[in-house]
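One structure is given below, encoded as C-alpha cells.
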Number of protein chains: 2
Amino acid sequence: MSRAVSDPNNATSYHHGNLREALLSAAVDSIREQGAENLSLRALARVVGVSQTAPYRHFADKNGLLVELARQTFDELSGITSGRIDASLSCADNLLRAGEAYLRYAIANPEKYRLIFGSSIVHREQYPPLQTAARSAFNVLLQLMADGTRRGEFLHTDPMILANNCWSSIHGFALLTIDGVFARKEQPLGFDDMLTTHLQLTLRAISREPQERPDFAPFSD
Amino acid sequence: MSRAVSDPNNATSYHHGNLREALLSAAVDSIREQGAENLSLRALARVVGVSQTAPYRHFADKNGLLVELARQTFDELSGITSGRIDASLSCADNLLRAGEAYLRYAIANPEKYRLIFGSSIVHREQYPPLQTAARSAFNVLLQLMADGTRRGEFLHTDPMILANNCWSSIHGFALLTIDGVFARKEQPLGFDDMLTTHLQLTLRAISREPQERPDFAPFSD
DNA sequence: GCGGCATGTTTACACCGAAAACATACTATG
DNA sequence: CATAGTATGTTTTCGGTGTAAACATGCCGC
C-alpha cells in the first residue's frame, strides 16, 4: 500500500494530501446547512485549512465542484431505488417500494436533492458524467415501467410516458415537501401516511385496473 | 389626477418618480435572462439609471424584492387557473383546463416559476402577503377537488389528499420540463401531446371510475 | 540525486449586498 | 405662498465573493 500522499495527520505539511475529498465533504456539510446557493469556495477553503484559491487545483470552478456533488447524489439515488426492487414482487409493489425509498432519501437530504435539479448548477449539458449518472437513475424507473407494461400491470403504452408521469408525481411531492409547502398542520394525515397515500395514487394513475376504492387511510365516510 | 411624482420623462430630475415599478420590471427581465440566483440589485440600479443603493429605499433587501416578484407571480397563477374554471363543465374537465393553463404559464415563465418555489427566496414565512398569495393559488385547486368529491367524480376522501396529489404531479411535470430533464429527442410524443397525456394520467389517479384505456395518443399496439 | 509536475500560496481585480451619513426636492400644513 | 418634514436618491465604506496570474513547495520517477 504505497503512501501516495503526504500524511493527512501531519497538519504542518505543505500539501494537504486529500484536499479534493475534504472539500467535497465540507461542501456537503455546507449545503446541508446553508443551501447550494450560499456555498462559498473561500469558506470551504477556510474550513479545510487551506488558502482560498487552493480549491481551484481540484475543480475548474465552483460549478465544477457542485457538478461532482450532483453526480454522487444521482448515484446514491440509483443505488437506493434499484436496491429496493425485487424481481419476485409485482411491478406495482416495486414501484411503491422504490418510490418510498426515493422520497425518503430526498426528504432526508433536501439540499442535495435540490442541487441535482434546480439551477444552482449551470451548463449541465457540458458535463457528460453528470448526464450519465442522471440517466442511470431514471433508467431504474423506466425499466420498471417497461416490465409493468409487459406484464399487463400498467397501462399498455410507451413506458416513457408512464415513467414521465410517475417521476413528475414523485418529484413534485418531494419538492413540495422539502420546500415546506404542505402546511403540516392542515394535513389530514401524518407524514408517513401522506407519503404512502401519494404513492398509491401515483400507482393508480398508471395501473391497468385501478381499484375503485384504494386502501389508503381515511376516507371521509 | 394629481401629479404625485415627478415627470418620469424628465431624465434630469433628481427623483426617478417610479423607481419601485421600474426595478420590479427590470428584475423580471433579469431573472428571465439569468435566473434569480444571479440577480444583482446593483445591476438593476444601473439598468434603471440610479445609484447602487437607491433600491434600498424601496425594498428592505434583495430578498424583499424577490418576495414581491413571487407574490405577483402567485397572483398571476391564481388568475390564470381560476379563469379557466367553468361551473357548467365537469370537475374533470375543469382540472384538465386549469392544469393546462398552469403548466403553460409555468413553462412560458420558467424563471418566475422557479422563483416562487425553490430557495432563492429565504425566510418565506416572514412575509404574510406572500403566504396569502400562495394560499390563494392553492385554494383554486383545493376547491375544485372538494367539488369533484362532492359530485362523485373524484375519489371520496379528504380533498386535501387529492389536491396534494394533483399539485405534486403537475408541479413535478412543470419543473422537469423547465429544467430540461425530459430529453426531448427520446420522447415518443410532441410537447403538446405530452402535456395533455400527463394531465389525463393525473386526473386518472383521483377519478372515481378511471377509464381502463384512457384516450391519449399513442398506445403501443 | 535531481528535475518535472502536482499541489499549494500570494496577490490582485472586479463584482456583490448592505449600512451610514448626507443631499435633494415633493407635499402637507400654516 | 412659505416652509418644515419626509420620502427619495447619492456617496462612501465595509466585508464578502469568484477567479486569474505569478510564485513557492515538495513528492515521485528517472
Side-chain angles (χ1 to χ4, degrees), chain A residues 1-24 26-27 30-31 33-69 119-123, chain B residues 1-24 26-27 30-31 33-69 119-123:
Chain A
M1 197 183 293
S2 73
R3 191 164 141 284
V5 297
S6 66
D7 184 356
N9 298 323
N10 180 358
T12 68
S13 79
Y14 183 87
H15 285 79
H16 180 283
N18 211 14
L19 225 203
R20 183 184 161 91
E21 301 313 316
L23 287 170
L24 286 171
S30 171
I31 70 169
E33 289 163 20
Q34 327 181 36
E37 2 265 331
N38 298 339
L39 184 95
S40 153
L41 279 197
R42 287 164 97 117
L44 248 42
R46 281 193 297 271
V47 166
V48 172
V50 101
S51 82
Q52 58 190 21
T53 59
Y56 288 89
R57 289 291 153 190
H58 298 274
F59 301 98
D61 52 21
K62 184 176 163 179
N63 200 50
L65 188 150
L66 291 176
V67 164
E68 175 58 17
L69 283 185
S119 48
S120 296
I121 293 175
V122 295
H123 307 314
Chain B
M1 198 183 295
S2 74
R3 192 163 139 286
V5 296
S6 67
D7 183 357
N9 298 323
N10 180 359
T12 67
S13 81
Y14 183 87
H15 285 78
H16 180 282
N18 211 15
L19 224 202
R20 182 184 163 90
E21 301 313 317
L23 286 170
L24 286 170
S30 172
I31 70 169
E33 289 163 20
Q34 327 181 36
E37 2 264 331
N38 298 341
L39 184 95
S40 152
L41 280 197
R42 287 163 98 117
L44 248 42
R46 280 194 297 271
V47 166
V48 172
V50 102
S51 83
Q52 59 190 21
T53 59
Y56 289 89
R57 289 290 151 188
H58 297 274
F59 301 98
D61 51 22
K62 184 177 164 180
N63 200 50
L65 188 150
L66 291 176
V67 165
E68 174 58 16
L69 282 185
S119 49
S120 295
I121 293 175
V122 296
H123 307 315

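Just so it is clear, the model here is predicted, and its values are computed rather than measured. In the text below, chain A, chain B and the rest are named by the order of the sequence lines, each starting its count at 1.
- The side chain of A43(A) sits closest to dT17(D) out of dG18(D), dA18(C), dT17(D).
- The OH atom of Y56(A) sits 14 Å away from the C1' atom of dA12(C) (whole-angstrom rounding).
- With distances taken from any side-chain atom of A54(B) to the nucleotides dT12(D), dG9(D), dC23(D), the minimum falls on dG9(D).
- Here E37(B) pairs with E37(A), S119(A), S120(B) under the side chain to side chain contact (heavy atoms under 4.5 Å, CB included) rule; sequence neighbours left out.
- Here N63(A) pairs with D61(A), V67(A), I121(A), V122(A), Y127(A) under the side chain to side chain contact (heavy atoms under 4.5 Å, CB included) rule; sequence neighbours left out.
- At the phosphate of dG9(D), OP1 or OP2 sits under 4.0 Å from a side-chain N or O atom of H58(B).
- For the pair L39(B) CG and dT17(D) P, the computed distance is 20 Å after rounding to whole Å.
- For R20(B), the salt bridge (Lys or Arg N to Asp or Glu O under 4.0 Å) test picks out E68(B), with sequence neighbours left out.
- A donor N or O paired with an acceptor N or O is not found under 3.5 Å between the base of dT11(C) and the side-chain atoms of T53(A).
- Near DNA chain D, meaning a heavy atom under 4.0 Å from it, residues 44-51 of chain B has V50(B), S51(B) in order of number.
- Spacing between atom CG of L19(A) and atom P of dC27(D) amounts to 15 Å, rounded to whole angstrom units.
- Of the candidates dG17(C), dT13(D), dG9(D), dG17(C) carries the atom nearest the L41(B) side chain, counting heavy atoms from C-beta on.
- Annotation: the span from L24(A) atom CG to N18(A) atom CG amounts to 10.0 Å, rounded to 0.5 Å.
- DNA chain D lies under 4.0 Å from at least one heavy atom of each of the following residues of residues 59-68 of chain A: D61(A), K62(A).
- Contact check for N38(A) versus I31(A): no side-chain heavy atoms found under the 4.5 Å cut-off.
- Protein atom CZ of R42(A) is 13 Å distant from nucleotide atom P of dA20(D), rounded to whole Å.
- Rounding to the nearest 0.5 Å places CG of L41(B) at 4.5 Å from OH of Y56(B).
- A sub-4.0 Å separation between OP1 or OP2 of dG16(D) and a side-chain N or O of S40(A) is absent.
- Computed from coordinates, the N38(A) CG to dT17(D) C1' distance equals 12 Å when rounded to whole Å.
- Mapping R57(A) and R20(B) onto DNA chain D by nearest heavy atom places R20(B) closer to the 5' end of the strand.
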Would you list the atom pairs, donor with acceptor, under 3.5 Å between side chains in residues 43-53 of chain A and any protein atom, with sequence neighbours excluded?
{"from": "Q52(A)", "atom 1": "OE1", "to": "R42(A)", "atom 2": "NE", "distance (Å)": "3.4"}
{"from": "Q52(A)", "atom 1": "OE1", "to": "R42(A)", "atom 2": "NH2", "distance (Å)": "3.1"}

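- The distance between atom CD of E37(B) and atom P of dG17(C), rounded to the nearest whole Å, is 13 Å.
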